[in-house]
Structures are given as C-alpha cells and as structure tokens.
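Below, chains carry the letters A, B, ... as their sequence lines are ordered, and counting in each starts from 1.
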Protein chains: 2
Amino acid sequence: MPTISEQTSDDVRDPDLVAVQEGPEAAGELTRPAGLDREKILQAAIDFIDEQGLAALTMRRLGSSLGVEAMALYRYVPGREDLLDGVVDRVVETLWDDRDGDDIHIVDHSGWQDYLVRLAHGMRRIALAHPAVFPLVVSRPPAAPWVRPPLRSLRLVESFLGTLREGGFSDQAAVAAYRAYSSFLLGHLLLEVTQIGAQVSLLDQPEGDEQAQQETDMSEYPNLARTESLLGQDRSAAEFEESLENLLDRLERVLHEARNSGGDVGDL
Amino acid sequence: MPTISEQTSDDVRDPDLVAVQEGPEAAGELTRPAGLDREKILQAAIDFIDEQGLAALTMRRLGSSLGVEAMALYRYVPGREDLLDGVVDRVVETLWDDRDGDDIHIVDHSGWQDYLVRLAHGMRRIALAHPAVFPLVVSRPPAAPWVRPPLRSLRLVESFLGTLREGGFSDQAAVAAYRAYSSFLLGHLLLEVTQIGAQVSLLDQPEGDEQAQQETDMSEYPNLARTESLLGQDRSAAEFEESLENLLDRLERVLHEARNSGGDVGDL
DNA sequence: TGCAGTCGTTTACGCCGTAAACGGCAGGGC
DNA sequence: GCCCTGCCGTTTACGGCGTAAACGACTGCA
C-alpha cells in the first residue's frame, strides 16, 4: 500500500468554505495515513491521470492511491463527474499561479496583444504539463452553458473580454476575437497533446518480436511514405508561435480598420 | 435517465430462427433482429450515439437495440474499443460518398484550394451530422502512430499530401500545410460540436421550477453579463468560412513566396 | 459521563465488458 | 433417412465499476 503522498500545500483559499473545523493540527500527524480533504483529492486525481491516463482513473483506484477506500472520497466530492469538473477547475486555476521569473502571469499585462500571448503560453504550459488532463478541459461543458466557446472558467472569459475592451475592441469584435482565439488554441493544443498521448501509448505496447510488427502496406501511399520522417517531426512549438502571430495580425488588422472607418466591427 | 426497453421475451423460447416480429412490438425501432453483420452493427452504434450520446453506449444496450444479446456482437467485433474505431472509420468513410448535387466530392477537384475547401466542408458536414461521434474522430489515435496530426485515415492524408504536391508545394511545405489545416479544422469543428452538445444537454435538465435556477452571480462579471446575448449567438458557419479563407490566403502566400525565391519552404 | 458530530469502512446493488460453455439450426456426404 | 460439422446467438459467470446506506471508531464539548 502506498504511503501518504507528499502533497505540496500550495494554498488557494476557497472563500465559499466557512472554516467550521480548524483543529489543532500542530499536534498533527502521528501515524494517520489520511487526513483527506477536497484539494488533496483533486490533486491526487490530477497526478493519477498524468501517470496512468484518464481511463484508468476509478474511484476505487484513486482512493487506494490516497490510502483510503473509495467511499471515503464521497464525503468531499459528490461523484465521479464532479470530481472531473473539479480537476478541470484546479488545472485551469494554475493559470494565475505566480511563476518566478516567467512571463506567464496573465494579470499585469501591457496591452491586449501581450495578454493574448501570455494567455496562450499559459494554456500551452498547462496542456503540456498535463497532456492527459487537457482533453477534459476542452470537452466538459462550460460553467455557464450560454457561453458558446466553452473555456469553462467564467473568470477567464471575463478577463479576456475586459482586456480586449480596454484595447479598443467593440463588444462584438471582442466576442468574435474570443471565438477565433478559442478555436485556435483548442485546435493547436488538442492536436499537440493527442500526439503526446499517441507517442506514449506506443511505448505502452512493444509486444511481439521487434521485427514482425504489422507494418501496414505503404506502397499504396507513396506521398505518406516519402514524407514519413517529416510527418513524424515535432514542430509544434514553432507552429504554435507562427499561428498565434498570424491570429494577432488578423485581429489587429480588424481593429484598425474598425477604428478608421468607425463602422460595424462584428466581423472578423 | 432514458431507460432502454428490455425486449427479452417472457417465457416461451422463440422457435423460429427468423424471429417473427410479434406485430405490436413495444413501439420500438424498426429493427430486423435477424442477419447481424459488422456493417449493421457499426451503423447501429452510430445511430445509438447520435441519439443517446457516447456515454450511453454499452455493449448490452447496443445489442438490445439490434434485438440481440450483447455477446452476439462479439462475433463481428473484437471488443468495445475496436467497435469505436470502426465507428470512426465508417463515419470518415462518408467523405467519399456521392452526394447528389453537392459540392462535397473530394475527388475530382480543381486545384488544391478547391480541394481544401471541399474537404473542410465535408468534414464539417460529418461533424454536424454526428456531433456526438465527432469527438471520437479526433481523439482516437491514428492508424499510423507516426503521422503526427491524427486524422486517422491514411487514405485521407495521402490524398491531401498528393494534392498539395500537384499544386506545387514542396514536401516540407505540404506537411506544414497539413498540420496547420488539421489544427484549424480540429479546433473549429470540435468547438462547434461541443457547443451543440452543451445546448442539448441543457435541454436535458429543465428540472426544478423555472425561476429558481441557480443563476450564477453575474455581478462579478460585467463584461460577460453585457455580452451575454452576443456570446450566445451562433456565428459558427460564417466564422468557419472566414477562418478557412484566412488559412488559404496564408498558404497561398507561402507558396508564392517559395516559388519566387526558390528557397527553403518548410516554414509557414 | 454521555452525547453529538465527523470521518473512514463495510456491505450491497445493479450495470459494465467479456471469457467460456452451450444449444439449435443448416447443409452436405453417406 | 442419418450424423457430422460449422455457424451463430444465448446463457452463465466473473471481476470491476459507481455509489446508496448502514455502521463503527474517534473527538471535542456539556
């Protein structure tokens, strides 16, 4: 049975919780294996998914990774689905984490372009740090269902729209920019983490003898065969930057045209 | 929770192989219970997912939607995972289906731009026809794991690369274009079907009285509140066309620059 | 001392994917 | 006619899943 996980206590207080119980923790841990709480469970779930994949996450296994029976989790989490929602929220939350010397803080930006670049890099950092979790981030329905592109965090959408407004975008242009930006980010990052997953799952099954792999017949696919090495290359980072730059150019063009003409700015 | 009506006959074992329909069946589907085969099973799975969602698809329920026990399916399909792979293949296959007067055939194109536009529209048609299936299309690992952006169909990738080559792209430029195009398509369509799913799942749960919905407090999100109606609007089709056009422009620019300079064309 | 709360465990239920054994029907050689 | 052999759907069974409900053990306060 695994020992208690180390669990760095990065502590983001949830104001919703009235601290009904604040015991003398100083007496602290003698031999207690548990000392469960919601944050600890969510973090354990994230770690578990990172290591074993989403499909492997069951309540029983997550429980036992915490040294506890499955049913113990239900005191802190309503059920498996809500657990996954919590995982998504916690992962996205790290967008606002302080990063020592990094350029990631998405508050304290200068200009909307800077904001969009930081946000994109922050999201990409999350995606690469938790490739197996990221599909959850984009596939779960958003907190407010009427927000069409579901980035799930209302706080995030709010700050996005606010920043663009400050940058001179009309409401319509800001919303259009939000959607274009979301779909760009979603496409690139999902592709990237899917590739990572594919690589990993390859290493999973090196069964059979080395030679006899069922090498699909490539003679029907000459272009594929010829470019095989190119297709296998990983240019994700560069392509990400290039596409991001292209998107920013496009938005900037729209914004200036709108300013000069003062006309309708809904379209991108 | 929609209950699937069990149709196990009460007491008498049905003596006929052909399993005579007992006339007034329980208002069920028009399922011929006889004559299972792999294609029939895959189509039933697609229909099932379209109607009930991916999560609801179980071997037992799929079997009973075909008037058959779950284990019967295993004679034609190795297991649930392979069933899902088959579903993806079958759905993507419809890209090549003849469409009466439509512009969808992705063979018989004129020029690579035309090809990319047709392919995009074809994929979008698939996504919108089967919004609940589409996430499978992009999330399952590709047939050849070394093809980085996993569109799953080698045939598709092959024809893509071939067409761009004919259009004057170098191998590197074609591969770069393939990736840019994939991530654009993936992002846009996944966003779109997620939205559709979100709407549907909204209609699922009109529980509680009409007024008392737990309307999250919007006072903290002024920009969201103000643009609520804009965010709710559906401009997917127009945005799709605009982004597609932008991508084509970008590719064309790259191609011409490469031609005129004759230099390295790997970058986009 | 007792009492009430908190928290993890035990037990149980129905559903899941699927391995394995089973049985009824078809057709073909005798 | 017979039996043999495949085919094909059913039955049975097993371990694992999410989770409802009952059950202790422990803790702090009256």
Does [X] reach the main-chain N or O of [Y] with its side chain, forming a donor-acceptor pair under 3.5 Å?
X: Arg80(B); Y: Leu57(B); value: yes
X: Thr58(B); Y: Arg61(B); value: yes
X: Arg125(A); Y: Ala120(A); value: no
X: Arg75(A); Y: Asp37(A); value: no

task = Start with the C-alpha distance between Glu192(B) and Arg179(A), add both sets of side-chain angles, then the distance that settles salt bridge (charged side-chain N to carboxylate O under 4.0 Å, His left out), and finish with yes or no.
result = CA-CA 10 Å; Glu192(B) 215 167 336; Arg179(A) 284 209 266 253; over 6 Å; no
Check the distance between [N]'s [atom2] and [X]'s [atom1] and give it to me in whole angstrom.
X: Met59(B); N: dG16(D); atom1: CE; atom2: C1'; result: 17 Å
X: Glu69(A); N: dT10(C); atom1: CD; atom2: P; result: 6 Å
X: Asp37(A); N: dG8(C); atom1: CG; atom2: P; result: 10 Å
X: Met71(A); N: dT6(C); atom1: CE; atom2: C1'; result: 16 Å
X: Lys40(A); N: dC7(C); atom1: NZ; atom2: C1'; result: 13 Å
X: Leu62(A); N: dT19(D); atom1: CG; atom2: P; result: 12 Å
X: Arg38(A); N: dC7(C); atom1: CZ; atom2: P; result: 15 Å

Measuring from the side chain of [X] (C-beta onward, heavy atoms only), which nucleotide among [options] has the closest atom?
X: Ala70(B); options: dT18(C), dG18(D), dG17(C); result: dT18(C)
X: Thr58(A); options: dG18(D), dT12(D), dG9(D); result: dG18(D)
X: Val68(A); options: dT9(C), dG18(D), dT18(C); result: dT9(C)

ask   = So, for Gln195(A) and Ser236(A), which heavy atoms are closest and what is the spacing to 0.1 Å?
value =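 That would be NE2-OG, 3.7 Å.
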Whichever of Arg60(A) and Ala72(A) has its nearest DNA chain C nucleotide further upstream toward 5' =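 In this pair, the answer is Ala72(A).
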inquiry  = Please determine whether a side-chain nitrogen or oxygen atom of Arg61(B) lies at a distance below 4.0 Å from atom OP1 or OP2 of dC15(C).
reply    =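 So the side chain of Arg61(B) is outside the cut-off, no N or O lying under 4.0 Å from OP1 or OP2 of dC15(C).
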message = Under 4.0 Å, heavy atom to any atom of DNA chain D: which of residues 73-83 of chain A qualify?
response =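 Only Tyr74(A), Gly79(A), Arg80(A) qualify.
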query = Rounded to the nearest 0.5 Å, how far does CD of Glu69(A) lie from CE of Met59(A)?
reply =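 Taking CE in Met59(A) and CD in Glu69(A), the distance rounds to 12.5 Å.
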